[in-house]
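Here the structure is laid out as structure tokens; the discussion comes afterwards.
Order of the sequence lines fixes the chain letters, A, B, ..., with proteins taken first and strands second; residue numbering starts at 1 for each chain.
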Number of protein chains: 2
Amino acid sequence: MKILIADDDADLRELVAFTLTQAGYLVIRCGDGPTALQRFEAELPNLVILDINMPGMSGFAVCEGIRRRSRVPVMMLTVRGEEEDLVRALGLGADDYLNKPFSPRTLLARIKALLRRAGTENTAPLAAGRVALDLEEHTVTLAGGAPVRLTPLELRLLQMLLANAGRAVNSERLLVQVWGHRSGGDRQLLKQLVHRLRQKIEADPSAPALLRTAAAGYKLMVD
Amino acid sequence: MKILIADDDADLRELVAFTLTQAGYLVIRCGDGPTALQRFEAELPNLVILDINMPGMSGFAVCEGIRRRSRVPVMMLTVRGEEEDLVRALGLGADDYLNKPFSPRTLLARIKALLRRAGTENTAPLAAGRVALDLEEHTVTLAGGAPVRLTPLELRLLQMLLANAGRAVNSERLLVQVWGHRSGGDRQLLKQLVHRLRQKIEADPSAPALLRTAAAGYKLMVD
DNA sequence: CCCGCCCGTCACCGATTTGTCACCAGGCCG
DNA sequence: CGGCCTGGTGACAAATCGGTGACGGGCGGG
């Protein structure tokens with residue numbers, strides 16, 4: 001589950017990003033309007049959080065731009081008491097708003113509600129570190145990158161590793177989970193699958209940084 | 001569920017739009033009569049809300065135009081005490097009216113009543129993006145185009161995809177929903193049906209833009 | 001009775017995915 | 001030093017999958 005946050009206030013931006021990351025979402029940050037639009041195009045996040053007051057290009061304009069090509073849920077961050085802003089934002093197609101300052105708890109609750117309403121929540125928030133899995137689309141997204149398509153077997157393998165992110169997973173167990181094999185012997189299959197997966201997700205497949213070989217198995221690195 | 005709201009008073013329009021959006025409807029806005037007619041053609045909403053007093057082209061004229069090609073429920077917004085307007089509106093085929101000012105609660109209640117009466121709500125999501133289904137006529141209408149006749153199976157398939165517009169639907173689930181098959185195996189049927197449906201609804205069937213192949217199934221594009 | 005539509009079935013193509021084999025490099029140990 | 005194991009890699013073949021064209025049986029309307 002990807003969320004784009006655009007706010008020129010670095011402190012607030014990081015607070016939001018931290019809260020969301022902790023909750024298992026993959027967060028994309030930016031500090032101004034034009035960048036937000038560009039990142040939106042590139043990442044196609046599942047939800048967008050926009051600060052209204054940004055220098056250069058306001059949240060309104062960004063919202064308008066996004067609405068021209070997508071019905072993705074948009075949440076605006078407003079200053080309490082600016083009723084006019086609020087009405088304008090909702091008029092431009094924003095889905096919800098939050099008055100600053102707000103609590104992380106409130107933020108999460110509103111975001112969950114928005115995603116539920118948008119029907120996006122089924123796409124389980126399977127994410128850890130810089131890896132986010134989209135079970136419905138059969139893709140992985142590595143922080144800052146474009147989604148990568150995975151084959152069914154690759155998806156299953158990555159899902160198993162993700163479920164145990166940071167810890168080594170026994171080869172035996174991976175064989176059982178991915179192929180349903182009851183006994184060992186078929187190490188070659190796993191070898192190949194890992195190899196193929198690395199070609200797709202590693203920056204340098206010959207020096208694996210994410211999917212590392214561990215004692216008697218493999219592990220997915222977090223940070 | 002799509003609702004078109006036409007009102008030249010921006011504040012009122014946005015209030016209505018916000019109320020409806022919160023209630024889960026997809027809202028299409030416009031501020032004058034000609035635009036309303038044009039958007040109606042393009043979007044084929046499930047319900048239309050018209051202000052009577054609009055500069056240029058009155059709500060009456062819009063209502064008349066809509067009635068020439070559709071029996072979609074129409075609600076008029078009137079100023080209290082203008083009995084004559086009211087009579088004229090209902091005479092032109094409007095289904096209900098609301099005196100300004102009104103409360104969001106009232107608005108929602110009346111809209112639900114209208115939709116229930118029109119039998120639109122049971123008939124489920126019949127429109128998304130540029131695709132609108134007519135279950136009675138066994139036709140689809142693509143934005144701006146002429147209705148296309150569908151066979152019963154094609155209709156069922158499109159209905160299933162429409163109910164999950166924008167998201168991928170598993171082949172397995174489609175098989176069960178369309179044919180009532182309990183188990184897999186018969187992928188060939190789905191292949192053919194999709195192929196035949198694409199011939200009818202795609203501008204270029206060899207490069208599907210609407211009914212796209214997705215991971216482990218198909219999906220109907222909305223944007 | 002014939003005709004057209006609907007739809008299940010088969011056959012084929014090209015692309016993707018997956019299983020298999022052969023080989024290499026490095027570590028360990030007798 | 002040489003055998004042996006483990007993990008990585010490239011290459012190839014088999015299997016699968018989606019798209020497409022074609023055939024024909026069943027059925028209802030003229």
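- Side-chain proximity of A:T213 to C:dC6, D:dT9, D:dG7: nearest is D:dG7.
- Closest approach to the A:R196 side chain among D:dA22, D:dG10, C:dT18 is made by C:dT18 (side chain taken as heavy atoms from C-beta onward).
- For C:dG8, the base has no donor-acceptor partner in the side chain of B:R187 [N/O atoms by modelled type, under 3.5 angstrom].
- Rounded to an integer number of Å, the gap from CG of B:L174 to C1' of D:dG18 is 15 Å.
- In the set D:dG10, D:dG7, C:dG19, D:dG10 carries the atom at the smallest distance from any side-chain atom of A:H195.
- Under the salt bridge (charged side-chain N to carboxylate O under 4.0 Å, His left out) rule, B:E154 has a single partner from B:K200, B:R198, B:R149, which is B:K200.
- Checking D:dT20, C:dT17, C:dC21 against every side-chain atom of B:S206, the shortest atom distance belongs to D:dT20.
- Partner B:I111 forms a side-chain contact (heavy atoms from CB on, under 4.5 Å) with one of B:T19, B:L20, B:V16 and no other, that one being B:L20.
- Using a 4.0 Å heavy-atom cutoff across all strands shown, B:L153 reaches sugar-phosphate atoms only and no base atom.
- Mapping A:R149 and A:Q192 onto DNA chain C by nearest heavy atom places A:R149 closer to the 5' end of the strand.
- A residue-by-residue look at A:E154 and A:K191 shows that A:E154 has its nearest nucleotide of DNA chain C further toward the 5' end.
- A:E202 pairs by the salt bridge (Lys or Arg N to Asp or Glu O under 4.0 Å) definition with nothing, not counting sequence neighbours.
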